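Each remark here refers to the structure printed beneath this line.
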Protein chains: 2
Amino acid sequence: MSADFQPAFWAAKRAVMTAAEEAYSRHGVRAGQQFILHQLWKEDGLTPGELARRLELSVPTVTRTATRMENAGILRREPHPTDARLVRLRLTERGWELKDIIAKEAATLSERALATLDSAEREQFVRFLHEVRVNLSR
Amino acid sequence: MSADFQPAFWAAKRAVMTAAEEAYSRHGVRAGQQFILHQLWKEDGLTPGELARRLELSVPTVTRTATRMENAGILRREPHPTDARLVRLRLTERGWELKDIIAKEAATLSERALATLDSAEREQFVRFLHEVRVNLSR
DNA sequence: GAGAGATCGTTAGCCGGCTAACGTAAGTCG
DNA sequence: CGACTTACGTTAGCCGGCTAACGATCTCTC
C-alpha cells in the first residue's frame, strides 16, 4: 500500500541517519560529511560550489559542513590561484587517513542495513530509491 | 550493488523531504508535523511522551514541534486532570480542518514519488524500507 | 576604462533529528 | 511524614537540510 510509504520512509530515514552517525562519529566524521569526503578523495581541491553541484546539495550546506570539517582538522581552505572568488577545499593528512577507515565503516553499515535482502533485492531497492528521487524532481 | 545504497538513500531522503515540505507548507503544516497530526486525528489529547513512543521520536523533538504547531494555531496544550506532570496536546478547530487537506496532499505526494512503480513494486519497496529499519535497530 | 551584470562563498535564520541537563511532580519506602 | 527514586516535559546546544540576503570578485559590454 502506498499509504504506508511515507511513515515507512521516514522511519527508515531516521534509522539510517542514526546508524550512520554512530558509525562515523567514532572517527570524528559526522554523517553528513562522508559524501564530501568521497568527492575529495576522488578529486582533491574542489570548490564548495562544485561539490554542491555534484552532490545535489545547496551551497550553504556545503560551506558550513566544510567549516566544521576544517575545525575538525579534516580539510583546509586554500585560495584559488587565478580566481579570488573561489575557495579550494583540500584534504589534510588526517583527511586522507580517514579514507580506508570510513570506507570500511560504510561497507559495514550498508551490509547491516541490507542484511536481510539478497543481491537481487538490494539492486532493486537501490533502483527504487533512484526512481523516487527522479520522480520527485519532475 | 550495496555500495550505491547510501548515496541513493540520502538523495532520495532529501528529495522526499523537500517535496513534502513543498506540499504541506502551503497549508501552514511543516513536513515533520504530519505524523503528529495523524496520531492526534486518531486520538486527540495525547501527551508528548506518548507521541514520542508511538512515532519512535525523541521527546524533545515532539515537544518542540508541538510548540511550533501551537504557535501556528494547530493545537494547544492542556493540563492533565489528574497528573500535573503530563501535558495533553489537543487539536484546535484548525487542526481538524487540516485532516482532509493534508491527507489529500499526502496521497498526491506518495503517488508522485512512486509513479513509476507498479503495485507489487510499491509493496516490495515499503517492505524493504521496513526491513532496513528493523535491521538497523538490532 | 568604467559601469552593469553574473558568479561565488559566507552569514543569518528556519525546520527536523538528536543527547544532556534541568526542574517539577508523582510514587515508593523506611 | 520525609527522603529517594522515578517519570515527565522543557530548554540548550549539536548536526544536516533549506532559502534569502550580503559582499566581494570576475566578466562583459559599451
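Given the structure is predicted, the values throughout are model-derived calculations rather than measurements. Numbered from 1 within each chain, the chains take letters A, B, ... in sequence-line order. What you see below is based on every heavy atom in this structure, not just the backbone, and it leaves out hydrogens, waters and symmetry mates.
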Donor-acceptor contacts, no H, no angles, side chain residues 104-112 of chain B, under 3.5 Å, sequence neighbours left out:
unit_1   : atom_1 : unit_2   : atom_2 : d
B:Glu105 : OE1    : B:Arg26  : NH2    : 3.1
B:Glu105 : OE2    : B:Arg26  : NH2    : 3.1
B:Glu105 : OE2    : B:His27  : NE2    : 2.8
B:Thr108 : OG1    : B:Lys104 : O      : 2.9
B:Ser110 : OG     : A:Gln6   : NE2    : 3.2
B:Ser110 : OG     : B:Ala106 : O      : 3.2
B:Glu111 : OE1    : B:Arg122 : NH1    : 3.0
B:Glu111 : OE2    : B:Arg122 : NH2    : 3.2
B:Arg112 : NH1    : A:Leu136 : O      : 3.2
B:Arg112 : NH1    : A:Arg138 : O      : 3.0

Can you name the side chain to side chain donor-acceptor pair (under 3.5 Å) partners of [X], sequence neighbours left out?
{"X": "A:Arg30", "result": "A:Glu21"}
{"X": "B:Ser58", "result": "B:Thr61"}
{"X": "A:Glu43", "result": "A:Arg54"}
{"X": "B:Glu22", "result": "none"}

Protein-nucleic acid N or O pairs under 3.5 Å, nucleotides 9-17 of chain D:
unit_1 : atom_1 : unit_2  : atom_2 : d
D:dG9  : OP2    : B:Gly49 : N      : 2.8
D:dT10 : OP1    : B:Arg77 : NE     : 2.5
D:dT10 : OP1    : B:Arg77 : NH2    : 3.2
D:dT10 : OP2    : B:Arg77 : NH2    : 3.3
D:dC15 : OP2    : A:Arg68 : NE     : 3.3
D:dG16 : OP1    : A:Ala31 : N      : 3.3
D:dG16 : OP1    : A:Gly32 : N      : 2.8
D:dG16 : N7     : A:Arg64 : NH2    : 3.3
D:dG17 : N7     : A:Arg64 : NH2    : 2.9
D:dG17 : O6     : A:Arg64 : NH1    : 3.4

Q. Does any residue of residues 93-112 of chain A have a heavy atom under 4.0 Å from DNA chain D, and if so, which ones, in number order?
A. none
(Q) Going by salt bridge (Lys or Arg N to Asp or Glu O under 4.0 Å), name the residues that satisfy it together with A:Asp83, two or more places apart in sequence or in a different chain. (A) A:Arg85
Q. For B:Arg133, what residues pass the salt bridge (Lys or Arg N to Asp or Glu O under 4.0 Å) criterion, not counting sequence neighbours?
A. B:Glu56
